[in-house]
Structures are given as C-alpha cells and as structure tokens.
Amino acid sequence: MELKFRTPRGTKDILPDEVWKWHFVENRLRELFRAYRFEEIRTPVFEETELFARGIGQTTDIVQKEMYTFVDKGGKSFTLRPEMTASVMRAFLQHHLGEQRAVQKLYYLAPMFRQERPQAGRLRQFHQYGVEIIGTADASADAEVIVLAMEILHSLGVHGLTLKLNSVGCPRCRPVYRKVLQEELRPVLNRLCADCQKRYTTNPLRILDCKRETCRTLTEDVSPIEQYLCEDCRRHFGQVRSLLDGAGVAYVVDKRLVRGLDYYTRTAFEIVTDQLGSQDAVCGGGRYDLLSVELGAQEVPGVGFAAGMERLIALMEKLNVFPPAERKLDLYLIGLGEQARSWCFRQAQQLRRQGLVCELDYQGRSLKAQMRDANKLGAAFVIIVGEEELNRQAAVLKQMETGEQEEVPMPVLADALQKRITHLASAEA
Ligand code: HAM
C-alpha cells in the first residue's frame, strides 16, 4: 500500500543505522571546538523575518527565493533560519556579550532551512556546524577560523580539498570595483544569462560566481578585485595570507569567489571538493564587519564559517574514512518462562545501573531465536535462565566469541560479569 505520509521534499530522516556517523563527526567537532576555546551557542529555530532580510541582504537568492517565511497568529512575520550568522550576531548584541568578554568565540551545530531545488547534497532542511569570532577585526581571527575549518576536515580524514580565498573589499573600495566590473562587462551584457543581466545592476560581483558556462567564459578576463582593494583591505588580506602561509595551509586566491550572502567584507573563503559533483562547497565563510550596522547597532566586526553536515558525511562515505560501526552490547539476558523473564527484567535494570549495556527479548521467543538475536546484536555475553536455574539460584553465562559456558551463582553474577567484561575490554584494547 502506498504510504500516505512521507518526509517533505528536500528533508531526510536520519535513521539509527547512520546516526552513529553523525555522533562520530559531532564528537570530533566538539573536541576541536574545545581545543580552540569556542563555546556553544543555541538560538531559536525561527527569528523575525527582518533579521535575515537585513542581515543576509535583500537582493540575495536566500532572501528573495529560499526563505521559509510564515505569519503567526499575532500577525508577525517569522522565518525559519536559513543560516546562523545573523542570529548569532543578534544574540551577541541582545545579550551584550561583548561586555563580558570583548572577543567572543562561538560555535553551533544546528538545522537550517532553505527552500532550494533539492538535489544530491542540496536539501531544504540541512545541518550546519560553524563558528563565529565576534569583536575583533584582526587578521589573526580570520586565519584562525580558516585553520580550524581545515583542521576539522583533515582530522576526520577528508582529503582532496581546495581552499579558495578572496577579499571582497569594504564599502570604500568595493563600489570602485563594482564600477570597473560594470564597465568591463558592458560590451557583453546582452550575452549574459537573464539572472546575470539583473545582477549587473543589483549586485554585479555575483556575476562572477554564476555557474553557467557562457557567463563564465564571458567573465574570464575581468580584472580581479584584488587590484582595486583600498590600502586597509589590501593590508588585511596580506596579513591573512601570510598567517595561512605560516600555518602551512595551502589556498588558491580565486577572483570569482564572492559568496552568496551580502554581509561579507574583506575575507571570503570556501572549501570545495571534487568528489561531490555540482554541490561541491563543503564549507564557506568570511568576515562581516558591517553586519551589526545592518542590524541597526554599533559596528562590531566578526568572522566565521559554516559547513554542511550532510555534505561532509556524504564526502566521508565516498572517501571511505569512517571507522567500522561500533555496536556495543555487553549482555543479552534470556529468560525462559514467566518467572525467569521477570528475573531477567529486574537483573537488567540492576546491571544497567552498573553501567553495562543490556538487552532483553520483548516477544517471548524461543531460546534459539533469542540466541540468534544476541548474535545479530553483537552481544559479548549471554545469560540464560530457566525454571531450573531459578530454583538453583544460578545462571548460565556464555561468552559469545569463545562459546565458553559456565554456571554462575546469582548472588555473585553482577561481580562476575563486571570482571569478565573489564577483562574482555582490556584484551581488545
Ligand atoms: P553558506 O555558504 O550559505 O554560508 O553555507 C555554508 C555551507 O552550508 C555550504 O558550504 C554547504 O556545505 C552548506 N549548505 C548550504 N546550503 C545547503 C543546502 N541547501 N543543503 C545542504 N547543505 C547546504 C553560510 O551559511 C554562512 N552563514 C557562513 C558563515 C558563517 N559566514 C560567516 N560566518
């Protein structure tokens, strides 16, 4: 029968047989965030629509086409967050975090929502991990987030990545470059795609990252923004690059890298892979020194990145860098007969309290079926108790790998198990 309900288009269930991969990545992420002294921040899944419209920019694809916006019963417009930077900055300003410590280093790991056309690696609900350093314009902050972004991927065994770097200037130098770009593109304007023709007036820099082959060919020879950076932006870009060089992080300066969000100033970067087809960006970020001003507050500089969990996990699967799944079950308790089952039920609670991972049968199946189940779950030990064992106050303890079987008196069973499991763990280590 055709199912009536399924996941909405562009969303995914993360099922038990894959969730361990998420845990694996999340654990590594939290370790690295801790090492770099980033602290976690959690913000609401929805915010006032205006926050994103102003923060990300009215002319961006995200704001114009991709936001999940709704009007609540109070008549206010809210939007499911399409990204975290605007929310994190809002929280920084709202809670005066800068007063506690001028430079805040924050990280997040959370679902985001964008109504994009779903395809491999592009979802409508996806997860990002990311960091933001708010409160400093120093190039060392830019370099630190980039180094961390790369370090995370390397430590997860991901290789074959390219770090693309650019500077998108500031309100002093970018308008100059905008004009240059418009001048240079004027002769080919009517051969650009319809979107780019619109961008020519609204946001000409975005023409540079159009994916269409004709647009790319037509823009091949345009001058890079680097030539037009003001003195301060040029110096900053130089500092970021020399810090990365010093840290041994390889990058390519890519004049086409302009990013799809309007809040960026100066540093912009992306980490791409050649393994995932067209959705090749694993991570993207940059500096956003004027985002707070767009949000109506004083100037608070910031820099950060976000990376897509689904893309990272797909990439790790492709590269085959996940360790074998760890399936840990210390003990499977088999009770035969009602009384033995209820003894097993009580015993399991006690052993779990002791820290052992225990499982029981919930269907009153035969000994054979339960043994098969224990095997399938990878149980290290099985306890078998029937009427007779209950009367004798003893249980049959079987070590699954060796097949060794012994009878253990019930009063000392917990201790005996604990010893054997510790022994087994040290033998495996
Ligand atoms: P973004 O480039 O829009 O930047 O997204 C960052 C990453 O999120 C992408 O590189 C990609 O891996 C993942 N991603 C984006 N959209 C989707 C999607 N529809 N499906 C699956 N994965 C996706 C930002 O969001 C900025 N807030 C990054 C940042 C932080 N800049 C400064 N601080």
Side-chain angles (χ1 to χ4, degrees), residues 8-12 14 25 38 41 43 47 51-52 55-57 60-63 65-68 80-92 104-134 141-142 144-146 148-150 152-153 158 161-164 166 168 206 209 257-273 275-292 294 300-316:
R9 216 162 103 75
T11 69
K12 274 207 304 206
I14 304 167
V25 173
F38 280 84
I41 183 163
T43 63
E47 301 264 5
L51 172 73
F52 300 120
I56 298 169
T60 58
D61 284 351
I62 297 181
V63 171
K65 306 184 201 158
E66 298 168 4
M67 297 210 296
Y68 280 102
L80 298 184
R81 61 176 174 220
E83 62 108 45
M84 273 293 272
T85 312
S87 300
V88 173
M89 182 55 92
R90 186 226 8 95
F92 177 95
Q104 289 282 333
K105 297 172 63 177
L106 305 164
Y107 83 83
Y108 46 84
L109 189 76
M112 307 293 150
F113 307 85
R114 296 184 193 177
Q115 192 164 1
E116 296 196 73
R117 199 167 44 79
Q119 62 181 83
R122 202 206 269 155
L123 292 150
R124 291 183 166 177
Q125 174 172 338
F126 59 99
H127 297 74
Q128 282 185 342
Y129 66 86
V131 304
E132 313 291 347
I133 300 185
I134 302 184
D142 307 49
E144 178 162 308
V145 301
I146 296 173
L148 173 56
M150 290 302 285
I152 288 170
L153 296 165
V158 178
L161 299 166
T162 305
L163 167 60
K164 294 183 184 174
N166 198 13
V168 293
R206 290 281 293 159
D209 79 344
L257 182 66
V258 292
R259 308 275 299 134
L261 302 95
D262 280 354
Y263 50 58
Y264 291 111
T265 49
R266 297 188 171 167
T267 312
F269 70 97
E270 238 164 54
I271 303 171
V272 298
T273 166
Q275 302 281 315
L276 292 181
S278 64
Q279 303 305 308
D280 62 351
V282 182
C283 174
R287 178 162 279 288
Y288 45 88
D289 291 344
L290 296 170
L291 170 59
S292 62
E294 288 300 326
V300 184
V303 63
F305 72 75
M309 281 289 279
E310 286 82 358
R311 284 189 200 174
L312 170 59
I313 287 172
L315 181 56
M316 289 176 67

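Counting starts at 1 for both ligands and their atoms, in listed order. The structure presented is a predicted model; accordingly, all values stated were derived computationally and were not measured.
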Looking at E132, which atoms of ligand 1 are within less than 4.0 Å of one of its heavy atoms?
30 (C), 32 (C), 33 (N)
Test M150 against every option in V145, V158, L163 by the side chain to side chain contact (heavy atoms under 4.5 Å, CB included) rule and name the one that passes.
L163
As an exercise, identify every atom of ligand 1 less than 4.0 angstrom from a heavy atom of V282.
10 (O), 12 (O)
Side chain to side chain contact (heavy atoms under 4.5 Å, CB included) evaluation trace for R114 with I62:
CA-CA 7 Å; R114 296 184 193 177; I62 297 181; 3.7 Å; yes
Nearest non-hydrogen protein atom to atom 31 (N) of ligand 1, with distance, is Y264 OH, 2.6 Å
Does R122 use its side chain to pair, donor to acceptor, with the backbone of R117 at less than 3.5 Å?
yes
Check each atom of ligand 1 against the heavy atoms of L123 and keep those under 4.0 Å away; list them by number with element.
18 (C), 19 (N), 20 (N), 21 (C)
Applying a heavy-atom cut-off of 4.0 Å, say which part of Y288 lies close to ligand 1: side chain, backbone, both or neither.
side chain
Can you list the atoms of ligand 1 that are under 4.0 Å from a heavy atom of R122?
19 (N), 20 (N)
Which of these, R114, M112, E83, has its nearest heavy atom closest to atom 3 (O) of ligand 1?
R114
Does the N166 side chain pair with the main chain of L257, one donor and one acceptor, at a distance under 3.5 Å?
yes
Which residue owns the protein heavy atom closest to atom 19 (N) of ligand 1, what's the atom, and how far is it?
E116 OE2, 2.7 Å
Considering only protein heavy atoms, which is closest to atom 21 (C) of ligand 1, and at what distance to one decimal place?
G121 O, 3.3 Å
The residue among E132, R81, E47 that forms side-chain hydrogen bond (donor to acceptor under 3.5 Å, both in side chains) with S87 is E47
Please evaluate residues E144 and I133 with respect to the criterion side chain to side chain contact (heavy atoms under 4.5 Å, CB included), reporting the C-alpha separation (whole Å), side-chain torsions for both, the decisive distance (0.1 Å), and the verdict.
CA-CA 9 Å; E144 178 162 308; I133 300 185; 4.2 Å; yes
Mind checking the CG-CD spacing from L123 to Q279? Nearest 0.5 Å is all I need.
9.5 Å
For atom 14 (N) of ligand 1, the protein heavy atom that lies nearest, with its residue and separation
F126 CE1, 3.5 Å
If we only count N/O pairs under 3.5 Å, is Y263 in contact with ligand 1?
yes
Side chain, backbone, both or neither: the part of Y129 lying under 4.0 Å from ligand 1 by heavy atom
neither
Can you confirm, on distance only, whether ligand 1 has an N/O atom lying under 3.5 Å from any N/O atom belonging to G308?
yes
Can you tell me if G286 has a non-hydrogen atom under 4.0 Å from ligand 1?
yes
Any idea which atoms of ligand 1 are less than 4.0 Å away from a heavy-atom of G284?
10 (O), 28 (C), 29 (C)
Please report the shortest heavy-atom distance between L291 and G55, naming the atom on each side.
CD1-CA, 3.5 Å
Atom 7 (C) of ligand 1: the protein heavy-atom neighbour that sits closest, reported with distance to 0.1 Å
A306 O, 3.6 Å
Any atoms of ligand 1 less than 4.0 Å from a non-hydrogen atom of Q128? List them with their elements.
5 (O), 6 (C), 7 (C), 8 (O), 24 (C), 25 (O)
Under 4.0 Å from a heavy atom of C283: which atoms of ligand 1 are those, numbered in the order shown and with their elements?
10 (O)
Apply side chain to side chain contact (heavy atoms under 4.5 Å, CB included) to residues I146 and T267 and explain how you reach the verdict.
CA-CA 10 Å; I146 296 173; T267 312; 4.2 Å; yes
Considering all heavy atoms of both residues, which atom of T85 and which atom of Y108 are nearest to each other, and what is their separation?
OG1-OH, 4.2 Å
Do me a favour and list the nearest non-hydrogen protein atom to atom 1 (P) of ligand 1 with residue, atom name and distance?
R259 NH2, 3.6 Å
Ignoring hydrogens and angles, tell me if any N or O in the side chain of R266 forms a donor-acceptor pair with the backbone of V168 under 3.5 Å.
no
Which residue and atom name correspond to the protein heavy atom nearest atom 32 (C) of ligand 1, and how close is it?
G304 O, 3.3 Å
Give a yes or no answer on whether the side chain of R311 reaches the backbone of A281 with a donor-acceptor pair at less than 3.5 Å.
yes
Polar contacts were defined as any N/O atom of the residue lying under 3.5 Å from an N/O atom of the ligand; does this apply to A281 and ligand 1?
yes
contact_flag G285 ligand 1 heavy-atom lt 4.0 Å:
yes
Atom CD of Q125 with >12 non-hydrogen neighbours under 6.0 angstrom:
yes
With heavy-atom distances below 4.0 Å as the criterion, list the atoms of ligand 1 near Y108.
30 (C)
How many angstroms lie between OG1 in T11 and CZ in R124, if you round to the nearest 0.5 Å?
9.5 Å
